[in-house]
> 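The structure follows.
Numbering of residues begins at 1 and proceeds along the displayed sequence. We count ligands from 1, going down the list as the structure has it; atoms in each ligand are counted the same way.
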Amino acid sequence: MTTQATEQRPNLRSQRLNQVTNEPHTKLDVLVKAHAPFETQANFARFVVAQYLFQSELVSLYNDAELTAIVPDLPARCRADAARADLADLDTDVPAPVAGALKNPTKAQALGWIFVSEGSKLGAAFLIKRAVGLGLSETFGARHLGEPAGGRAEGWKNFVKTLDGLELSAQEEAEVEKGAIDAFNRFTVLLEQAYASAPEVA
Ligand code: HEM
């Protein structure tokens, strides 16, 4: 273990996760914006396709008994149904699954994925404001970006508190981080796929 690298690591797990995902998050943010999702409803629909694909790949994690024992409201946090309803609102077909979905993660990897999925609800606060400009809302077309029951900030704070309080081995610690990075990579793949599967309407 190189002490220098270790010393610069934040104490809280959630902050370490923020640190290791900072670069992929920035890249994804740029990529999302490059597809101009708020220019037209058609462009936004492709973004929803990516969100739906990502969320649908995580349904089994959100309903996993071992994970729910750690985060009791985990099943209620899942947004696959909301994203599916958004697709219907936007007259967009439910996409076929894309090869390469997460399979049999360890508990620690799964937590890294959930961290990213839950964290994406923070950015959603900004995104939904833009979606309103397209005539959409948290009850039509942009449901999956809506304020979670109990509040966006509260939901995130509670999740992070639980995550930060878990006792994990060094190996599990590495797995959580890998899970979070893999989740960003996966979202990137799904986003590219979503926009490739339908030409952007100018
Ligand atoms: C699939 C995962 C994610 C996606 C697609 C995503 C996407 C985005 C996008 C596009 C923005 C820019 C919103 C705007 O400027 O209008 C944003 C902002 C933001 N995201 Fe994410 N995000 C993801 C994961 C996360 C995670 C894991 C966290 C926190 C741990 C997070 C925290 C934030 C915050 C706080 C903002 C507000 C502005 C900022 O600080 O950059 N996001 N996100």
> Can you tell me if CD on E23 sees more than 12 non-hydrogen neighbours from other groups inside 6.0 Å?
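No, the 6.0 Å shell around CD holds no more than 12 heavy atoms from other groups.
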> The test is side chain to side chain donor-acceptor pair (under 3.5 Å); show your working for E175 and Q171 and say whether it passes.
CA-CA 6 Å; E175 285 177 10; Q171 175 174 338; 2.9 Å; yes
> Could you tell me which atoms of ligand 1, counted from 1 in the order shown, lie closer than 4.0 angstrom to a heavy atom of L28?
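Listed by number with element, the hits are 4 (C), 5 (C).
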> Hydrophobic clustering (ILVMFWY, side-chain heavy atoms < 4.5 Å, transitive) - are V94 and L90 grouped together?
yes
> Regarding atom 38 (C) of ligand 1: of the candidates F159, W113, F126, F187, which has the closest heavy atom?
F126
> Closest heavy-atom contact between T188 and L28?
OG1-CD1, 3.7 Å
> Check ligand 1 against N18 and write out every atom of the ligand that is under 4.0 Å from a heavy-atom position of the residue.
29 (C), 30 (C)
> Which protein heavy atom lies closest to atom 19 (C) of ligand 1, and at what distance to 0.1 Å?
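It is G123 CA, 3.4 Å.
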> Nearest to atom 31 (C) of ligand 1, what protein heavy atom do you find, and at what distance?
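In this structure, atom 31 (C) of ligand 1 has G119 O, 3.3 Å as its nearest protein heavy atom.
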> Check this for me - ligand 1, H25, N or O atoms closer than 3.5 angstrom, yes or no?
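Yes; the residue has a nitrogen or oxygen that sits under 3.5 Å from a nitrogen or oxygen of the ligand.
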> Could you name the option among R186, R130, K33 that has the heavy atom nearest to atom 14 (C) of ligand 1?
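Heavy atom nearest to atom 14 (C) of ligand 1 belongs to K33.
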> Answer with side chain, backbone, both or neither: which part of L17 has a heavy atom less than 4.0 angstrom from an atom of ligand 1?
neither
> Measure from atom 27 (C) of ligand 1 to every heavy atom in L191, V30, V116 and give the option owning the shortest one.
V116
> Name the orientation class of the two ring planes belonging to F159 and F115 (parallel below 30°, tilted from 30 to 60°, perpendicular beyond 60°).
tilted
> Take atom CZ of R130 as the centre, draw a 6.0 Å sphere, and report whether it contains more than 12 heavy atoms from other residues, nucleotides or ligands.
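No.
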> Minimum heavy-atom separation for R79 and S120, please, with both atom names.
NH2-OG, 3.0 Å
> Return yes when atom CZ of R16 has more than 12 non-hydrogen atoms of other residues, nucleotides or ligands closer than 6.0 Å, and no otherwise.
yes
> Out of S120, A50, P37, whose heavy atom sits nearest atom 23 (C) of ligand 1?
S120
> Atoms of ligand 1 less than 4.0 Å from W156 heavy atoms?
30 (C)
> So between D29, L190, I128, N22, whose heavy atom ends up nearest atom 10 (C) of ligand 1?
D29
